[in-house]
Amino acid sequence: MGQAQFQKRLREKARQEKQALKRERRAERAQASDDDTDEVGDVRPPEVILEELKQLHEQFDDGSMTFEDFEAAKDELVQALTIQ
């Protein structure tokens, strides 16, 4: 196996491990939010959430965040928007 192939496999493995950790954290947060149904969480007006979503898109367009981070943050904002 060439050095380039080896490096590519290492990068792919690291990416997959990072994605697995993110999935675990999302599952933990979802379970925690299911457990906290009696509590009133961080309730923000839809206008605020939409502004945060706009800023998130701008950060991604600027290249200041990875696609995986963008997707995770976007999912959280969309979920907060649909819950209300």
Side-chain angles (χ1 to χ4, degrees):
M1 178 182 328
Q3 183 66 20
Q5 288 176 329
F6 180 72
Q7 292 297 324
K8 183 176 180 179
R9 286 182 189 223
L10 285 177
R11 287 190 307 270
E12 182 64 24
K13 183 179 178 189
R15 186 183 65 79
Q16 289 173 350
E17 289 172 353
K18 185 177 178 182
Q19 286 178 341
L21 286 172
K22 286 183 180 183
R23 281 191 300 270
E24 289 175 15
R25 284 185 292 212
R26 284 186 204 137
E28 289 172 1
R29 283 194 304 262
Q31 185 178 10
S33 68
D34 290 343
D35 294 343
D36 296 337
T37 55
D38 296 338
E39 296 179 18
V40 176
D42 179 25
V43 179
R44 296 174 285 180
E47 297 82 20
V48 172
I49 296 173
L50 291 174
E51 181 62 33
E52 290 175 6
L53 193 57
K54 177 184 173 190
Q55 292 172 356
L56 186 67
H57 276 274
E58 290 171 356
Q59 288 175 350
F60 178 69
D61 289 341
D62 293 344
S64 60
M65 67 179 358
T66 65
F67 180 73
E68 291 85 12
D69 293 338
F70 168 75
E71 282 293 313
K74 182 183 81 167
D75 289 344
E76 289 177 16
L77 288 173
V78 170
Q79 183 179 15
L81 189 62
T82 58
I83 287 176
Q84 297 177 3

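Small disclaimer: the values here were computed from a predicted structure and weren't measured.
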task: Please round to the nearest 0.5 Å and tell me the distance separating atom CE of Met65 and atom NE2 of His57.
output: 10.5 Å
- line: Of all heavy-atom pairs linking Gln59 and Ser64, the shortest is O-OG, 2.9 Å
statement: Distance col, row Leu56:CG vs Asp61:CG, nearest 0.5 angstrom, shows 9.5 Å
statement: The salt bridge (Lys or Arg N to Asp or Glu O under 4.0 Å) partners of Glu51 (sequence neighbours excluded) come to none
query: Mind checking what makes side chain to side chain donor-acceptor pair (under 3.5 Å) contact with Gln55, not counting sequence neighbours?
result: none
field: Test log, rule side-chain contact (heavy atoms from CB on, under 4.5 Å), inputs Glu28 and Gln31
entry: CA-CA 5 Å; Glu28 289 172 1; Gln31 185 178 10; 5.5 Å; no
message: Check this for me: Arg9, atom CZ, are more than 12 non-hydrogen atoms of other residues, nucleotides or ligands nearer than 6.0 Å?
response: no
Minimum heavy-atom distance Ala80-Arg44, with the two atoms named: CB-NH2, 3.8 Å
message: On a heavy-atom basis, which atom in Leu77 and which in Ile49 lie closest, and how many Å separate them?
response: O-CG2, 3.5 Å
- request: Please name all residues satisfying salt bridge (Lys or Arg N to Asp or Glu O under 4.0 Å) with Glu71, sequence neighbours left out, ordered by chain then number.
  value: Lys74
Donor-acceptor pairs are to be reported for all side-chain atoms of residues 13-23 against protein atoms at under 3.5 Å, with residues two or more places apart or in another chain.
unit_1	atom_1	unit_2	atom_2	d
Arg15	NE	Glu12	OE1	3.4
Arg15	NH1	Gln19	OE1	3.3
Arg15	NH2	Glu12	OE1	3.3
Arg15	NH2	Glu12	OE2	2.4
Gln16	NE2	Glu12	OE2	3.2
Lys22	NZ	Asp69	OD1	2.7

